[in-house]
Engineer: 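I have a structure I would like to understand better, so I am pasting it below and will then ask my questions one at a time.
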Amino acid sequence: MSFWEEKIEVIERNELERLQLERLRQTISQAAQSPFYKNLFTGKGISSDSIKTLEHLQDLPLTTKDDLRSGRPEDFLAVSPQKVVRLHVSSGTTGTPTAVYHTMQDLDNWADMVARCLCMAGVTPSDVFQNMVGYGLFTGGLGLHYGAERLGVTVLPAGVGNSRRQINLMKNFGTSVIHIIPSYALKLIGTMADFGVNPREELNLRIAVVGAEPYSEATRRRIENEYGLMVVNSYGLSEMNGPGVAFDCPHQTGLHLWEDNYILEIIDPDTLEPLPAGQTGEVVLTTLCREAMPLIRFRTRDLASIIPGDCLCGRTHRRLSRLQGRTDDMLILKGVNIFPMQVESVLMGLEETGRNYVIVVDKDGDLDKMTVRVEMSGSLFSAEEQAKDQAHKKISQLLRDELLISPAVELVDPGNLPSSEGKAVRVIDNRPKEAG
Ligand code: DLL
């Protein structure tokens with residue numbers, strides 16, 4: 001088992017908490033340099049002196065995405081603009097995009113965090129790392145790029161899309177590690193099959209770093225089996241730099257969140273009360289090492305729990321469960337709460353289904369109607385009608401058992417659902433806004 005910074009990765013909990021407190025106090029002073037926090041802290045009488053223990057963090061107000069969007073982006077800037085060397089803008093899938101500023105020191109620290117993640121996953125300088133995600137404002141490309149270089153890995157900055165070229169790169173340069181988002185990983189397997197490439201036999205792949213959108217354990221297993229490699233889950237968000245916040249170790253029992261860089265809280269999204277380990281709630285993060293744009297108690301809207309107990313790898317930084325979706329992903333149909341991830345975990349665990357699906361929600365008179373459109377697997381597609389009827393029945397039944405409502409199921413020919421090279425759109429909600 002390799003460590004990037006062993007001392008800090010296996011640090012005793014009480015020492016880690018001492019470090020967190022020290023850094024939190026520095027962060028409060030640093031944040032007070034920004035117009036937003038200066039105003040907030042002055043109004044509430046908050047200063048670094050009011051933080052005597054880590055528990056005092058909970059007395060501080062939460063910061064929301066709406067706060068980031070409501071004023072001018074530079075209201076969150078805690079250094080002079082001359083010190084800023086990079087500006088990332090979040091994907092804005094759920095509203096106005098938000099800006100995140102970085103100084104040279106922030107970028108340096110971010111690269112270190114990502115190198116730490118990759119090293120933990122077992123990536124070494126002998127690997128060839130094909131970075132198959134977007135290199136623009138999206139933080140996935142540049143984030144992993146500089147982290148992998150920091151580790152000394154050979155980086156192929158392939159960027160997103162152009163599947164044929166991606167496969168050729170893998171073949172020609174013996175790519176051993178890929179960075180890919182889950183929906184594209186599923187799609188690319190189909191393209192490999194179309195080109196007659198068997199990744200298990202013809203490629204040298206051993207690790208896939210997979211993140212940026214929610215995916216189920218069933219999808220992880222599918223990617224692992226079809227490519228013949230180990231998938232490590234990677235979680236992050238632009239507001240917290242991007243990737244490099246939390247990552248699987250090879251035990252794959254949860255994502256170690258780097259608590260020397262972030263303070264992790266899980267809260268009930270309705271009551272805002274803290275939740276104990278094991279209970280699912282909203283992930284709230286405080287940056288501890290950010291210079292340009294410290295964020296205090298940032299509500300991510302992502303749902304997860306803290307996994308109780310120690311990890312076999314020896315790292316003391318607590319583990320996050322697989323992300324279960326976002327608070328704003330939840331669909332309410334006929335009074336039942338449904339997460340798209342529940343649908344995915346049913347569909348991707350079956351051999352009758354292909355690699356793409358979409359959930360469509362409509363209004364049928366006064367009633368909500370949910371349709372799950374899923375591609376058939378190649379073998380089901382070429383099977384008799386009777387086999388298709390049976391598969392249809394089976395999928396409908398399994399979805400009913402999981403969701404407690406009965407969605408309509410449509411089996412679609414392989415390759416006939418829209419796909420994107422970026423984050424997948426899994427839900428199309430056609431209901432009028434006020435009813436949704
Ligand atoms: O997606 C950063 C990233 C890039 C993470 C590459 C991992 C790999 P944003 O575009 O700001 O940043 O989107 C962040 O994506 O709040 C989650 O809702 C979701 N997300 C990210 N990673 C995971 C994951 C990047 N492993 C938002 N599982 C986050 C589930 C994830 N959801």
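Heads up: numbering here begins at 1 and tracks the sequence. Since we're looking at a predicted model, the values are computed, not measured. Every number for a ligand or one of its atoms is a count from 1 in the order of the listing.
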Engineer: Is there a polar contact, in the sense of an N or O pair closer than 3.5 Å, between Ser234 and ligand 1?
Structural biologist: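 The answer is yes, given that Ser234 and ligand 1 share an N or O pair closer than 3.5 Å.
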Engineer: If I apply the N/O under 3.5 Å rule, does Thr300 come out as touching ligand 1?
Structural biologist: no
Engineer: What residues, two or more places apart in sequence or in another chain, satisfy salt bridge (charged side-chain N to carboxylate O under 4.0 Å, His left out) together with Glu17?
Structural biologist: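 Here the qualifying residues are Arg13.
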Engineer: Give the atom numbers and elements of ligand 1 that come within less than 4.0 Å of a heavy atom of Leu237.
Structural biologist: 11 (O), 12 (O), 14 (C), 16 (O)
Engineer: Aromatic rings His102 and Trp110: how do their planes relate, parallel, tilted or perpendicular, breaks at 30° and 60°?
Structural biologist: parallel
Engineer: Within ligand 1, which atoms have a heavy atom of Thr139 less than 4.0 Å away?
Structural biologist: 2 (C), 12 (O)
Engineer: I'd like to know if the side chain of Gln30 reaches the main chain of Glu291, judged simply by a donor and an acceptor atom lying under 3.5 Å from each other, with no hydrogens or angles considered.
Structural biologist: yes
Engineer: Can you list the atoms of ligand 1 that are under 4.0 Å from a heavy atom of Asp302?
Structural biologist: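 That gives atoms 16 (O), 17 (C), 18 (O), 29 (C) of ligand 1.
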Engineer: Could you pull out all residues at least two apart from Lys394 that satisfy salt bridge (charged side-chain N to carboxylate O under 4.0 Å, His left out)?
Structural biologist: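 By the salt bridge (charged side-chain N to carboxylate O under 4.0 Å, His left out) rule, Lys394 matches Glu352.
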Engineer: Are any of the N/O atoms on Ser238, whether in the backbone or the side chain, positioned under 3.5 angstrom from an N/O atom of ligand 1?
Structural biologist: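 Indeed, backbone or side chain, Ser238 has an N or O that close.
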Engineer: Before you tell me yes or no, could you show the steps for Tyr135 and His145 under ring-ring contact (aromatic ring centres under 6.0 Å, His included), namely the whole-Å CA-CA distance, both residues' side-chain angles and the distance that decides it to 0.1 Å?
Structural biologist: CA-CA 9 Å; Tyr135 264 77; His145 181 97; 5.5 Å; yes
Engineer: When you measure from the centre of the six-membered ring of Tyr215, is the NZ or CZ of Arg220 closer than 6.0 Å and no more than 45° off the axis?
Structural biologist: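 Not satisfied by the 6.0 Å and 45° rule.
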Engineer: Could you tell me which atoms of ligand 1, counted from 1 in the order shown, lie closer than 4.0 angstrom to a heavy atom of Glu213?
Structural biologist: 20 (N), 23 (C), 24 (C), 28 (N), 30 (C), 31 (C), 32 (N)
Engineer: For Lys423 and ligand 1, answer yes if some heavy atom of the residue is under 4.0 Å from a ligand atom, otherwise no.
Structural biologist: yes
Engineer: Mind checking whether Tyr215 has an N or O less than 3.5 Å away from an N or O of ligand 1?
Structural biologist: no
Engineer: Going by heavy-atom distance to atom 23 (C) of ligand 1, choose the closest among Pro243, Ala212, Pro214, Ala304.
Structural biologist: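 Answer by nearest heavy atom: Ala212.
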Engineer: Can you sort out which atoms of ligand 1 are near Gly211, meaning under 4.0 Å from one of its heavy atoms?
Structural biologist: 7 (C), 8 (C), 26 (N)
Engineer: What part of Ile181, side chain, backbone, both or neither, has a heavy atom within less than 4.0 angstrom of ligand 1?
Structural biologist: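 None of Ile181 does.
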Engineer: Between the side chains of His179 and Asn131, is a donor N or O closer than 3.5 angstrom to an acceptor N or O?
Structural biologist: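 There is such a pair (donor and acceptor under 3.5 Å, judged by atom type) between the side chains of His179 and Asn131.
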Engineer: Which of these passes side chain to side chain donor-acceptor pair (under 3.5 Å) with Arg290: Asn241, Asp106, Thr27, Thr103?
Structural biologist: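 Output: one option passes, namely Asn241.
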